[in-house]
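Here the structure is laid out as structure tokens; the discussion comes afterwards.
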Amino acid sequence: MEEAPNKKYDPGSNEGKMYQLWEEAGIFSAEGGSASGGNPPKGRGVFSMVLPPPNVTGILHIGHALMVTLSDVIVRYRRMRGDKTLWLPGTDHAAIATQEKVERDIYKSEGKTRHDLGREEFLRRVDAFAKASHDGIVHQLRKLGASLDWSREAFTLDEERNQAVKEAFKRMYEAGLIYRGSRIVNWDPKLQTTVSDDEIEWKEEKTNFYYLKYGPFTIATARPETKFGDKYVVMHPEDERYAKYKDGEKLNVEWINGPVVATIVKDKAVDPSFGTGVMTITPAHDAADFDIAERRKLDREQVIDFHGKLLPIAGEFADTHISKARSLIVEKLKSKGLVEKTDENYVHRIATSSRGGGVIEPQLMEQWFVSVSKKFKATSDKINGIKKGSETNLKEIMLKAVEGGQVNIIPERFKNEYFHWIENLRDWCISRQIWYGHRIPVWYRKQKINNNKQLTTEEIRVGEKPEGEGWEQDPDTLDTWFSSGLWTFSTLGWPDACRQTENSKLKTQNCEVVPGSDLAVFHPTSLLVTAYDILFFWVARMILMTGFFLGDVPFKTAYIHGIVRDKDKKKMSKSKGNAIDPLGIAETYGMDAVRMALVVGNAPGSDPVISEDKIRGYRNFATKVWNIARFLNMNEVFTADSGAKLVARDALHMKEFEAVKARVTSLIDRYQLHEAANEIYHYLWHTFADKIVEEGKLCLRSDADAEAGDTASTRAMFREIFRESLILLHPFMPFVTEAIYQEHFAPFSKDKLLASTPWC
RNA sequence: GCGCCCUUAGCUCAGUGGUAGAGCGUUUCAUUGACAUUGAAAAGGUCGGAGGUUCGAUCCCUCCAGGGCGCACCA
């Protein structure tokens, strides 16, 4: 026996068609997208978002699907509400991540390093890889149903964004916020570059803790291999035990490679209760030691080179890699009788690079930094607590923007983490010793900049390549987050859309926004949807950059979602093999089902657990909705007179449905998407289908028993509730709802597409 | 060390100051004209523990236990 046609909803044959329909109708464009045809009606606003640009390191994973779905639900809703709606797409060059990926691939297939290929050829390879990734990502975003305005697509490393980066660098440099400094940075000897504080992963390690004799003192250390240059011995000024030693006093001590002159330093940084209360310091390889050296103007000497090998200061151990040196040095110390005891169960934490897993070696290096505490004059009153013209700094801007409520973070608990992070924030090292990324827009002639020397304009230029001979560009590139920090406004036409005012004294940041430009219309953006793992990397830095360049916030609300977990609560990742590929699974169950599974039950900020079972459950729901439509169609509901007078029972159903509409609407407005989706799901299946339709069947079938008015009333009620249910469900399950709408409603509606039908 | 979060049905998670919800799983029954990707029903929870506030607490407060996370960090 043959099956009835279209018994099952077939996502495969519908989803592509529906997306094409939307794109061709131009409804995703900010100009034509809203239900009112572009210009927001009175009382309606403007709604804008940028897509957190996915890294061009490969394909999208389920976490992207989550972010895209949550965003798309809201964007589609706002569009149906009649707002002038922009959702701006783009991709991120992801500097270090992309470079590393390509380097690995090349090494695997050709056995060559980037140095073998040379900068130019290597960058060509990276660009080719990035282009391919980009194309895949764009394809995937369409598959996900993302209603993005493709006419405004951007890339963090394209020409416009490069202009923005150069301009931003220049203005910050001129304001004194970007400076070249010699500071302790996190050096990754494996990748041969600095990494930011936030890219550090701390790992616990059990190791030996050596108590060494240093003249009359005993010092404790886990890293004897760094101790060659130690000539300062530090203790707390009020430590009774060492009261007889005076600050600045010099002592001769026998040390690893012979006698050295040790200088006593009394400093409160030492904790008298830890170890022996005395330590020697290694300012070139430890941030805390460096602070002391900086404060007390002490010498600092590099002991370990950038490849992790000991320098000549180590004497006989010079050129030995630190991983091998430790045991050798301990042997020597023992033979000299300098090892007092060894604690074998010492647990401490070592810094590793989250990019490549290499052990970080703190190094004293010259790098470019953004100062988070240097004062400058505020250029606007837009952030509560900071007055125009008053002195402020980047830290304060980041703090006040959230504290004052200009940026609302959902869920609220992330505010605490954010504040905590800012309190401890140090200057941001923005230079990277890699090739892929925005080259630092600084040119030198004759000599390089250094923090002790002021260079003239004959020696340094910032911004654009200067005319004339002999200029050489800084070889480094910028931290990828420098360009993504500009994202909300670099994508909207900054700096061109923001003319600098000639007569302003605050030339560096101040500018006038060109009326009618994207920047004027859409910035600050309404909402940012992103995962909590980049709260500091990105969210905080956007607030920093926008605060400085526009005196404003980048977005009014940040909706922070979690990290997708598998059934065992493990983070999904390709390397673990537990990842669900959103597109692969959607081929089986349909993208609508994947989207619902990502939304329902996933409270803001918490980690959603996604399993194939859950997706299958919502696939069943899509089929259910499809079959409701089939049933109603069989019973001539869609061709019914929608103006029929409703009998009391049907009017009651309508009234109850009004309450559902109100709840769904209010829940979306409050970003309770997980509840909103659940509400409409329940209503459609377990109230409308199971109760109202089942009950109405009698009325439709046994015409003999029913009054004509009853039947007409029931049909009209079915038609209206179902039509509006499709509207409520559309942001969550856009494909199946549009397919049903096209088949049964479009010919009778003056609006052609469900996606641009006004919200009910 | 400072701070945050979680602990609810067998599993994974929502939720609320007033008889507890979803997905999946389990049990029973129904079914050839929307849908077995179904329907009807059932089993299953003293909402981590102990106090407190309240007419009433799973929800608010305090403490405790277990788990997770952020930041800082000691040589």
Side-chain angles (χ1 to χ4, degrees), chain A residues 1 3-4 6-9 197-198 200 202 209-212 214 219-224 226-227 230 232-235 269-282 285-289 292 346 348-349 351 411-426 532-533 535-536 562-563 565-569 589-590 593 596-597 599-635 637 672 674-675 677-679 681-682 685-686 689-691 693-694 697 701:
Chain A
M1 192 173 154
E3 271 199 345
N6 300 326
K7 194 167 174 179
K8 295 174 187 177
Y9 168 65
D197 291 348
D198 303 293
I200 300 292
W202 292 91
F209 197 47
Y210 303 99
Y211 288 79
L212 307 177
Y214 188 83
I219 59 155
T221 183
R223 299 195 64 194
T226 65
K227 294 280 154 198
D230 291 8
Y232 299 103
V233 57
V234 191
M235 60 213 73
V270 177
D271 175 4
S273 65
F274 183 81
T276 58
V278 186
M279 65 177 186
T280 60
I281 57 170
T282 314
H285 300 287
D286 183 287
D289 292 1
I292 297 172
Y346 182 67
H348 73 157
R349 302 204 304 158
E412 278 213 19
R413 65 187 144 91
F414 285 111
K415 283 186 189 173
N416 288 318
E417 273 177 30
Y418 176 84
F419 292 140
H420 204 108
W421 178 81
I422 291 173
E423 272 170 37
N424 294 299
L425 188 61
R426 298 187 298 169
Y532 61 69
D533 59 348
L535 184 63
F536 307 135
I563 308 291
R565 310 266 170 179
D566 69 7
K567 265 184 164 169
D568 305 317
K569 300 192 72 176
Y589 299 109
M596 276 299 268
V599 174
V600 179
N602 173 20
S606 61
D607 292 343
V609 174
I610 303 297
S611 62
E612 193 168 333
D613 285 342
K614 188 172 182 185
I615 296 169
R616 190 185 303 119
Y618 291 107
R619 187 273 316 267
N620 294 353
F621 177 56
T623 307
K624 185 74 187 179
V625 178
W626 182 255
N627 276 302
I628 295 171
R630 287 182 64 221
F631 175 77
L632 298 182
N633 188 45
M634 284 172 59
N635 288 284
V637 164
Q672 301 291 301
H674 57 305
E675 288 290 290
N678 205 32
E679 177 84 28
Y681 166 88
H682 268 268
W685 197 330
H686 300 301
D690 291 349
K691 305 230 157 59
V693 171
E694 286 302 320
K697 264 182 186 172
R701 270 190 200 152

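Small disclaimer: the values here were computed from a predicted structure and weren't measured. Residue numbers begin at 1 in each chain, while the letters A, B, ... track the order of the sequences.
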Select base, sugar-phosphate, or nothing to describe what A:Ala603 touches, counting heavy atoms under 4.0 Å on all strands.
-> sugar-phosphate
Sugar-phosphate, base or nothing in reach of A:Thr280, heavy atoms under 4.0 Å = sugar-phosphate
Given B:rG33, is OP1 or OP2 found less than 4.0 Å from the side-chain N or O atoms of A:Lys697?
-> no
Polar pairs (N or O, both sides) under 3.5 Å between protein and nucleotides 1-3 of chain B?
unit_1	atom_1	unit_2	atom_2	d
B:rC2	O2	A:His420	NE2	3.4

Under the side-chain contact (heavy atoms from CB on, under 4.5 Å) test, which residues partner A:Glu612, sequence neighbours left out?
-> A:Ile585, A:Tyr589, A:Arg616
If we take the P atom in both B:rG39 and B:rU54, what is their distance in whole Å?
-> 48 Å
Verify, without hydrogens or angle tests, whether A:Tyr681 (side chain) and A:Met596 (backbone) share a donor-acceptor contact under 3.5 angstrom.
-> no
Taking C-beta and beyond as the side chain, do A:Trp421 and A:Asp198 meet within less than 4.5 Å on heavy atoms?
-> yes
Phosphate OP1/OP2 of B:rC6 contacted by A:Ser606 side-chain N/O (<4.0 Å) | no
From OH of A:Tyr681 across to C1' of B:rG21 the rounded distance in Å is 12 Å
Take nucleotides 7-12 of chain B nucleotide by nucleotide from the 5' end and write B, S or -, depending on whether a protein heavy atom sits under 4.0 Å from the base, only from the sugar-phosphate, or from neither.
-> -----S
When we call it a touch if two heavy atoms are under 4.0 Å apart, what does A:Lys624 touch: a base, just sugar-phosphate, or nothing?
-> base
Just call it for A:Ala288: base, sugar-phosphate, or nothing, with non-hydrogen atoms closer than 4.0 Å on any strand.
-> sugar-phosphate
Euclidean distance for P, B:rG45 against B:rG21 (whole angstrom) | 15 Å
Please check the phosphate of B:rA75 (OP1 and OP2 only) for any side-chain N or O of A:His348 closer than 4.0 Å.
-> yes
Applying the 3.5 Å cut-off to both distances, the Watson-Crick or G-U partner of B:rG25 turns out to be none
Span that lies between the P atom of B:rU7 and that of B:rA14, in whole angstrom = 8 Å
Could you work out the separation of B:rC13 and B:rG51 based on their C1' atoms and round it to a whole Å?
-> 29 Å
Are A:Asp271 and A:Ser273 linked by a side-chain donor-acceptor pair shorter than 3.5 Å?
-> yes
Sugar-phosphate, base or nothing in reach of A:Glu694, heavy atoms under 4.0 Å | base
So what does A:Asp289 touch, heavy atoms closer than 4.0 Å: a base, only the sugar-phosphate, or nothing?
-> nothing
Phosphate OP1/OP2 of B:rA75 contacted by A:Tyr214 side-chain N/O (<4.0 Å) | no
Does the side chain of A:Leu212 come within less than 4.5 Å of A:Thr221's, by heavy atoms?
-> yes
Output yes when a side-chain donor or acceptor of A:Asp286 lies under 3.5 Å from a complementary backbone atom of A:Asp289, and no otherwise.
-> yes
List for me each residue that meets side-chain contact (heavy atoms from CB on, under 4.5 Å) alongside A:Tyr211, sequence neighbours excluded, and say none if there are none.
-> A:Phe209, A:Thr218, A:Ala220, A:Thr276, A:Glu340, A:Lys341, A:Asp343
Quick one: is A:His285 getting a side-chain N or O under 4.0 Å of the B:rA75 phosphate, OP1 or OP2?
-> no
Describe the nucleic acid contact of A:Ile628 in one word from base, sugar-phosphate, nothing, applying a heavy-atom distance below 4.0 Å.
-> base
How would you list, by chain and number, every residue that makes a side-chain contact (heavy atoms from CB on, under 4.5 Å) with A:His420, sequence neighbours excluded?
-> A:Asn424
Sequence neighbours excluded, the answer for side-chain hydrogen bond (donor to acceptor under 3.5 Å, both in side chains) partners of A:Lys624 is none
Have a look at A:Val600 and say if it touches a base, only the backbone sugar-phosphate, or nothing, with a 4.0 Å heavy-atom cut-off.
-> nothing
Any donor and acceptor pair, going by atom type alone, linking the side chain of A:Asn635 with main-chain N or O of A:Val637 inside 3.5 Å?
-> no
